[in-house]
Amino acid sequence: MPEQSSPTITQMMESRVTSDAQKLAAFDQHRTLLLSVAYRMLGSIADAEDMVQETFIRWQQATTEDVQSPRAFLVTIVSRLCINYLQSARMQREQYVGQWLPEPFVEEFASDPVDTVERDEFLSMAFLMLLERLSPVERAAFLLREVFDYGYAEISGILGLNEANCRQILRRARQHLAIARPRFRISDSKRRELLELFVLASGNGNLERLISVLEGDVVLYADGGGKGFAVPNPIFGAMNVARAIVMGQAKFLPREPVVSRRVSINGMPGVVSYVAGRPLYALTVEAGEERISSIYFVTNPDKLSHVPALD
C-alpha cells in the first residue's frame, strides 16, 4: 500500500484560506438577521453593531464540531450576548438623563412606498419601548417567536432552557405586552397624513390646530440624553403636549435655517431636521384611530450619529 504524503505547508495554508472564506461568506449571509435581532433587543444601532462584531469574533474562533447550523449558532451567540449586555447595562439605563428612547433607525422612503403595517409593527418606536417592560430573557424569547418565527425547540436551544420554561417565559411576556399594545391598526398613508398635519400645525405655532390632530390622552416622549432639548418625563394630554411643542420650538430651534426631510423612522413616517447639514432632531408619531396618540422626539446627538447626512 503506497504511503500517503502529508499535506505541504502551502496546501495547509490554502485550506485555511478556503475555510476562512467560507466562514466569512456564511457570516455575511446572516449579518442582516443578526443586526435585526440585536437592534430590537438593545434599541441601539451602535450597540447592535458591537454585538454583531463580537459574534463574528466568536464565529471565527468556533470549530467545525461546534457548528451544526451556522444560522442557529450565530443567532444563539448574538442573542446571548444581547441578554448579557442588557443585564449589565440595566444600571446604565437607569442613570440615563431624562426620557430614554430607542436610537432612531432612519431610511429614505422608497420611490413607491407600500403599506407595511405587519412588518413595521415590530420595529416601531412604540413596540421597542414596549419591550422595555420585559426582562432580557423575556425580550429574546418574544422576539425570536413573534418576530423571527422560531419554534419552541429552537428557542430552547438558543436560550439554553427547556421548552416548558420557554413557553412559560413567552406566555409571561405576552401578558406584559397585551394591555399596552396599540388598540388600532393604522395604515401607513394615514400616519403620513397625520404627520403632515402635525408638522404644519406645529411649524405655524397654531395651538388650536395642533390640539385638533392629537388624541386627548396623547403622550410626548422627548430624548435629549442631557445633550439636546428634551423634557425629563413624558408629557400627557393634548393641551399640555401642544403647549410644550409650541414653547419648546421657540427655545430649541436655532436661528440658522432648518431643513427638514421626510423619511422612514423605524418603519414609520417621520421627519429629520438638519441645521448646517447636521441632524438636529428625528421625529415620528404613532396614530390612534383618527389622531396622533404618541410623539417620539429624539435630539440626543449620540443617537443621531447614524442618521443619513443631508445631501
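Values below: all heavy atoms of this structure, side chains included; hydrogens, waters and symmetry mates excluded. Please read all numbers here as calculations on a predicted model, not as lab measurements.
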Is a side-chain N or O of [X] found less than 3.5 angstrom from the main chain of [Y], in a donor-acceptor match?
| X | Y | answer |
| --- | --- | --- |
| Arg262 | Val271 | no |
| Gln249 | Gly205 | no |
| Asp47 | Leu42 | no |
| Asp223 | Gly225 | yes |
| Trp59 | Lys23 | yes |
| Ser264 | Pro269 | no |
| Lys303 | Leu101 | yes |
| Arg71 | His30 | no |

List the atom of [X], the atom of [Y], and the distance in Å for their closest heavy-atom pair.
| X | Y | result |
| --- | --- | --- |
| Ala282 | Ile265 | CB-CD1, 3.9 Å |
| Gly267 | Leu123 | N-CD2, 4.1 Å |
| Val298 | Pro104 | CG1-CD, 4.0 Å |
| Pro136 | Gln87 | CG-CG, 3.8 Å |
| Met129 | Pro102 | CG-CD, 3.8 Å |
| Cys166 | Ser156 | SG-CA, 3.5 Å |

Arg243 CZ: over 12 foreign heavy atoms closer than 6.0 Å: no
Atom pair [atom1] ([X]) and [atom2] ([Y]), whose distance is rounded to the nearest 0.5 Å:
| X | Y | atom1 | atom2 | value |
| --- | --- | --- | --- | --- |
| Glu290 | Glu215 | CD | CD | 8.5 Å |
| Phe73 | Phe27 | CZ | CZ | 11.0 Å |
| Arg31 | Gln53 | CZ | CD | 7.5 Å |
| Asn162 | Gln168 | CG | CD | 9.5 Å |
| Met268 | Leu195 | CE | CG | 12.0 Å |
| Met125 | Ser294 | CE | OG | 12.0 Å |

Taking it one step at a time, do Val37 and Cys82 satisfy side-chain contact (heavy atoms from CB on, under 4.5 Å)? CA-CA 9 Å; Val37 171; Cys82 288; 5.6 Å; no
Partners meeting salt bridge (charged side-chain N to carboxylate O under 4.0 Å, His left out) with Arg167 (sequence neighbours left out):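 Counting only residues at least two positions away or on another chain, Arg167 forms no salt bridge (charged side-chain N to carboxylate O under 4.0 Å, His left out).
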Taking the side chain as every heavy atom from C-beta outward, state whether [X] and [Y] have any pair of such atoms under 4.5 Å apart.
| X | Y | result |
| --- | --- | --- |
| Leu34 | Val75 | yes |
| Leu159 | Asn165 | no |
| Ser36 | Phe148 | yes |
| Leu310 | Arg261 | yes |
| Asn266 | Tyr296 | no |
| Leu280 | Thr299 | no |
| Val137 | Leu161 | yes |
| Leu143 | Leu131 | yes |

Testing Trp100, Tyr96, Tyr281 for side-chain hydrogen bond (donor to acceptor under 3.5 Å, both in side chains) with Asn300, which one passes?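 With Asn300 as partner, side-chain hydrogen bond (donor to acceptor under 3.5 Å, both in side chains) holds for just one option, Tyr96.
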Consider only side-chain heavy atoms of I, L, V, M, F, W and Y, link residues closer than 4.5 Å, and tell whether [X] and [Y] are in one cluster.
| X | Y | result |
| --- | --- | --- |
| Phe198 | Leu200 | no |
| Val97 | Ile235 | no |
| Val258 | Met247 | no |

Does the pair Arg209 and Asn204 meet the rule for a side-chain contact (heavy atoms from CB on, under 4.5 Å), with working shown? CA-CA 9 Å; Arg209 181 66 63 84; Asn204 293 336; over 6 Å; no
Using side-chain hydrogen bond (donor to acceptor under 3.5 Å, both in side chains), reason through Ser44 and Glu103 one step at a time and then give a plain yes or no. CA-CA 5 Å; Ser44 165; Glu103 183 178 341; 3.3 Å; yes
Mutual orientation of the aromatic rings belonging to Phe105 and Tyr39 [parallel < 30°, tilted 30-60°, perpendicular > 60°]: tilted
Trace of the side-chain contact (heavy atoms from CB on, under 4.5 Å) decision for Ile245 with Ile295: CA-CA 10 Å; Ile245 290 171; Ile295 303 165; 4.0 Å; yes
Charged N to carboxylate O under 4.0 angstrom, Arg192 versus Glu196?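 Salt bridge: no.
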Go through the steps to decide whether Thr76 and Arg80 satisfy the test side-chain hydrogen bond (donor to acceptor under 3.5 Å, both in side chains), and finish with yes or no. CA-CA 6 Å; Thr76 297; Arg80 293 181 180 180; 5.6 Å; no
Does the side-chain contact (heavy atoms from CB on, under 4.5 Å) test come out yes or no for Arg191 and Val285, once each step is laid out? CA-CA 8 Å; Arg191 287 191 177 93; Val285 301; 5.6 Å; no
